[in-house]
Q: 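Here you go, one structure.
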There are 2 protein chains.
Amino acid sequence: MNEFEPLVFIVDDDDSVRKALTRLIQSVNMKVECFTSSEAFLSRPRYEGPCCLVLDIRMPGLSGLDLQEKLAKDKLALPIIFITGHGTIPMSVRAIKAGAVDFLEKPFEDQALLDLIKQALERDRQTRQEYAHQREILERFESLTLREREILSYVVMGKLNKQIALQLGISEKTVKVHRAHVMEKMQAKSLADLVRASRILPIPKV
Amino acid sequence: MNEFEPLVFIVDDDDSVRKALTRLIQSVNMKVECFTSSEAFLSRPRYEGPCCLVLDIRMPGLSGLDLQEKLAKDKLALPIIFITGHGTIPMSVRAIKAGAVDFLEKPFEDQALLDLIKQALERDRQTRQEYAHQREILERFESLTLREREILSYVVMGKLNKQIALQLGISEKTVKVHRAHVMEKMQAKSLADLVRASRILPIPKV
DNA sequence: ATCCCTATACGACTAAGGTCCAATAGTATC
DNA sequence: GATACTATTGGACCTTAGTCGTATAGGGAT
């Protein structure tokens, strides 16, 4: 199922830090990829496996916090572990509020970072799994015609075929046909399935 | 509907801080209640309206972070704004990770705290509303007999009455009776309603 | 001992949902 | 212009679900 191995990104402008972190992470047999700036990282194509980011705050160009903000726009934002030599409390508060895994001050214990990386990768795996599941449902939804989406929204509101037909000014038979198509395309084996799937769909729910 | 007015709790061992904060908060016409220690606050009966907590970290006895941890056990934990004179980054990280609204260092702008209090109260209102809604559904669920709960779980799995009857070794008629009771007691006007309500119920869903 | 709740069951009936087959018309795409 | 998809409707038929009333039996409370 998952042919991707975990990957740790490092973004830090300090050569020696990147080198040390790389050695540390490789010592536990994990892949590492380094970047010297936020901009460099942003231009990398997205990695499709479990990954996380070890990120310095203070850097020329886009700061670590700015990079976090940019990345957060994505629904599939990767978990971030901040490391910094001269961090402040407001920085750490902002970082954690924005979803960072942790905020480490240099110097720190090697093992502390490794533990956080493990935790971050686990979180990413979770997120990816949920996201993949939602994508699947959304793709099914997108295969519905406009009319079918309309029917779907009424169905999950609990409306009867009869009421839907009246509302839309079409016959009950037609509603049944659409409804059957909806069930098939959404791969719902029961109405209960459909209602559950509908939670994440962009349809009127009242 | 809601006869309670917003209330701000202050827990700080420093008299002058409590006094200053009280004056500040009262200046915008909000109620305040002060405590000199975590222990004192814990012995206060729960306030049933929208409220939040302005909390010092360093105190004799239970620290602010410890108090937060204790309070977090409750599902209706009130939002916390930390204020501290000698905070550290690890402290702030821990506080925010545990759900604190913010972590302010003294000295801070009056308006900054007031803004955070406003935000905290809004969050508490939200939480309370959701919680009240869930309580309602849970209470309905608790009014179900064991058999009815069993039927409910099969129904939201999408099983047919026939299958449920077979599974439980009873007749389909009986399943229908229980099912009707479930719908009535849960105040579900449609199967869709029931499925949605079941999301928060302690029932097997597979 | 009596009463209420729960769980069970039956019959008969109505309503609703699902399926199969067939057909028409508009629109889009090639 | 031909083909494919979408939306629509019809009829016939079957399966499910919901409702009405009635009834039995066990358990617990008064």
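Source: prediction; values computed, not measured. Note on naming: letters A, B, ... go to the chains in the order of the sequence lines (proteins, then strands), and numbering restarts at 1 for each one. All values below come from the heavy atoms of this structure, side chains included, with hydrogens, waters and symmetry mates left out.
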Q: Within the sub-3.5 Å range, which N or O atoms of nucleotides 20-29 of chain C have a protein N or O partner, and how far apart are they?
A:
none

Q: For a quick test of reading the model: is some side-chain N or O of T174(A) closer than 4.0 Å to OP1 or OP2 of dA7(D)?
A: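 False: T174(A) side-chain N/O out of range (4.0 Å or more) of dA7(D) OP1/OP2.
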Q: Can you sort out which residues in residues 183-198 of chain B have a heavy atom within less than 4.0 Å of DNA chain C? Ascending by number, please.
A: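 None - not one residue of the stretch has a heavy atom sitting under 4.0 Å from the strand.
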Q: Under 4.5 Å between any side-chain heavy atoms of S37(A) and V11(A), yes or no?
A: no
Q: Enumerate, atom names and distances included, each donor-acceptor pair closer than 3.5 Å involving a side-chain atom of residues 195-202 of chain A, sequence neighbours excluded.
A:
unit_1	atom_1	unit_2	atom_2	d
R196(A)	NH1	V156(B)	O	2.9
R196(A)	NH2	V156(B)	O	2.9
S198(A)	OG	V195(A)	O	2.6

Q: Between S153(B) and P204(B), which heavy-atom pair has the shortest distance, and what is it?
A: CB-O, 3.8 Å
Q: Mind calculating the distance between CG (L146(A)) and P (dC5(D)) to the nearest angstrom?
A: 17 Å
Q: Which pair of non-hydrogen atoms, one from M30(A) and one from P6(A), has the smallest distance, and what is that distance?
A: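 For M30(A) and P6(A), the tightest heavy-atom pair comes out as SD-CB, 4.5 Å.
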Q: Count the heavy atoms of every other residue, nucleotide or ligand shown that sit under 6.0 Å from CD of E184(B), and state whether that count exceeds 12.
A: no
Q: Apply salt bridge (charged side-chain N to carboxylate O under 4.0 Å, His left out) to residues K97(A) and D102(B) and explain how you reach the verdict.
A: CA-CA 9 Å; K97(A) 272 190 179 180; D102(B) 214 313; 2.8 Å; yes
Q: Inspect the surroundings of NZ in K31(A) and state if more than 12 heavy atoms from other residues, nucleotides or ligands are less than 6.0 Å away.
A: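 No, NZ of K31(A) has 12 or fewer neighbouring heavy atoms, counting only those of other groups under 6.0 Å.
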Q: Using residues 173-183 of chain B as the side-chain source, report each donor-acceptor pair under 3.5 Å to any protein atom, sequence neighbours left out, with the distance given to one decimal.
A:
unit_1	atom_1	unit_2	atom_2	d
T174(B)	OG1	S171(B)	OG	3.1
R179(B)	NH1	N161(B)	OD1	2.6
H181(B)	ND1	E148(B)	OE2	3.4

Q: Rounded to the Å, how far apart are I170(B) CD1 and dA9(C) P?
A: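 Answer to the nearest Å: 6 Å.
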Q: With distance as the sole test, does E33(A) use its side chain to make a donor-acceptor pair with the main-chain N or O of I10(A) at under 3.5 Å?
A: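 Such a contact is absent between E33(A) side chain and I10(A) backbone.
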Q: Check the interface with nucleotides 28-30 of chain D: list each N/O to N/O pair with the protein under 3.5 Å, or write none.
A:
none

Q: From CZ of R147(B) over to P of dG26(D), roughly how many Å is that when rounded to an integer?
A: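 That distance rounds to 16 Å.
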Q: Please set out all donor-acceptor pairs under 3.5 angstrom arising from side-chain atoms of residues 52-67 of chain A, sequence neighbours excluded.
A:
unit_1	atom_1	unit_2	atom_2	d
S63(A)	OG	L65(A)	N	3.3
S63(A)	OG	D66(A)	N	3.1
S63(A)	OG	D66(A)	OD2	3.3

Q: Extract all donor-acceptor atom pairs below 3.5 Å that involve side chains of residues 74-82 of chain B and protein atoms in other chains or at least two apart in sequence.
A:
unit_1	atom_1	unit_2	atom_2	d
D74(B)	OD1	R46(B)	NH2	3.1
D74(B)	OD1	L76(B)	N	2.9
D74(B)	OD2	R46(B)	NH2	2.3

Q: Is the NZ or CZ atom of R149(A) positioned over F141(A)'s six-membered ring, under 6.0 angstrom from the centre and within 45° of the axis?
A: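 Positive - R149(A) is close enough to the ring of F141(A) and near enough to its axis.
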Q: Should we say atom NZ of K118(B) is surrounded by more than 12 heavy atoms from elsewhere, each under 6.0 Å from it?
A: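 No - once you tally the heavy atoms of other residues, nucleotides and ligands closer than 6.0 Å, there are 12 at most.
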Q: With the threshold set at under 4.0 Å for non-hydrogen atoms, list the residues of residues 136-145 of chain A touching DNA chain D in residue-number order.
A: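 Contacts with DNA chain D under 4.0 Å: T145(A).
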Q: Are there more than 12 heavy atoms of other residues, nucleotides or ligands under 6.0 Å from atom CD of Q163(B)?
A: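 Above 12, so yes.
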Q: Using the side-chain hydrogen bond (donor to acceptor under 3.5 Å, both in side chains) criterion, which residues pair with E122(A)? Sequence neighbours excluded.
A: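 Only R125(A) meet the side-chain hydrogen bond (donor to acceptor under 3.5 Å, both in side chains) criterion with E122(A).
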Q: Once you build an axis from the first five pairs and another from the last five of the helix from dA1(C)-dT30(D) to dC30(C)-dG1(D), how far apart in angle are they, to 10 degrees?
A: 50°
Q: I'd like a list of close polar pairs between nucleotides 11-17 of chain D and the protein, N/O only, cut-off under 3.5 Å.
A:
unit_1	atom_1	unit_2	atom_2	d
dT16(D)	OP1	K162(B)	NZ	3.2
dT16(D)	OP2	K162(B)	NZ	2.7
dA17(D)	OP2	N161(B)	N	2.9
dA17(D)	N7	K176(B)	NZ	3.2

Q: Round to the nearest Å and state the distance from L152(A) atom CG to dA7(D) atom P.
A: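 To the nearest whole Å, that distance equals 13 Å.
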Q: Pairs of donor and acceptor atoms involving the side chains of residues 130-139 of chain A, under 3.5 Å and at least two apart or interchain, shall be tabulated with distances.
A:
unit_1	atom_1	unit_2	atom_2	d
R135(A)	NE	E139(A)	OE2	3.4
E136(A)	OE2	R140(A)	NH2	2.8

Q: Which of these nucleotides, dA9(C), dA7(C), dT8(D), is closest to any side-chain atom of H178(A)?
A: dT8(D)
Q: What is the distance, rounded to the nearest whole Å, between atom CG of L168(B) and atom C1' of dA7(C)?
A: 12 Å
Q: Examine the side chains of Q119(A) and D115(A) and answer whether a donor and an acceptor come within less than 3.5 Å of each other.
A: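 Side chains of Q119(A) and D115(A): no pair found under 3.5 Å.
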Q: Rounded to whole angstroms, how far apart are CD1 on I164(A) and C1' on dA7(D)?
A: 16 Å
Q: Should the heavy atoms of other residues, nucleotides or ligands under 6.0 Å from CD of Q26(B) be counted, would the total exceed 12?
A: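 Count over threshold, so yes.
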Q: Using atom CD of E150(B) as one end and atom P of dA7(C) as the other, report the distance to the nearest whole Å.
A: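 Going from CD in E150(B) over to P in dA7(C) covers 9 Å.
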Q: Assess whether atom CD of E109(B) is packed by more than 12 heavy atoms of other residues, nucleotides or ligands within 6.0 Å.
A: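 Counting neighbours around CD of E109(B), 12 or fewer heavy atoms of other residues, nucleotides or ligands fall under 6.0 Å, so no.
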Q: Round to a whole Å and report the spacing from NE2 of H181(A) to C1' of dT19(C).
A: 11 Å
Q: What's S171(A) touching, base or sugar-phosphate or nothing? Going by heavy atoms closer than 4.0 Å.
A: sugar-phosphate
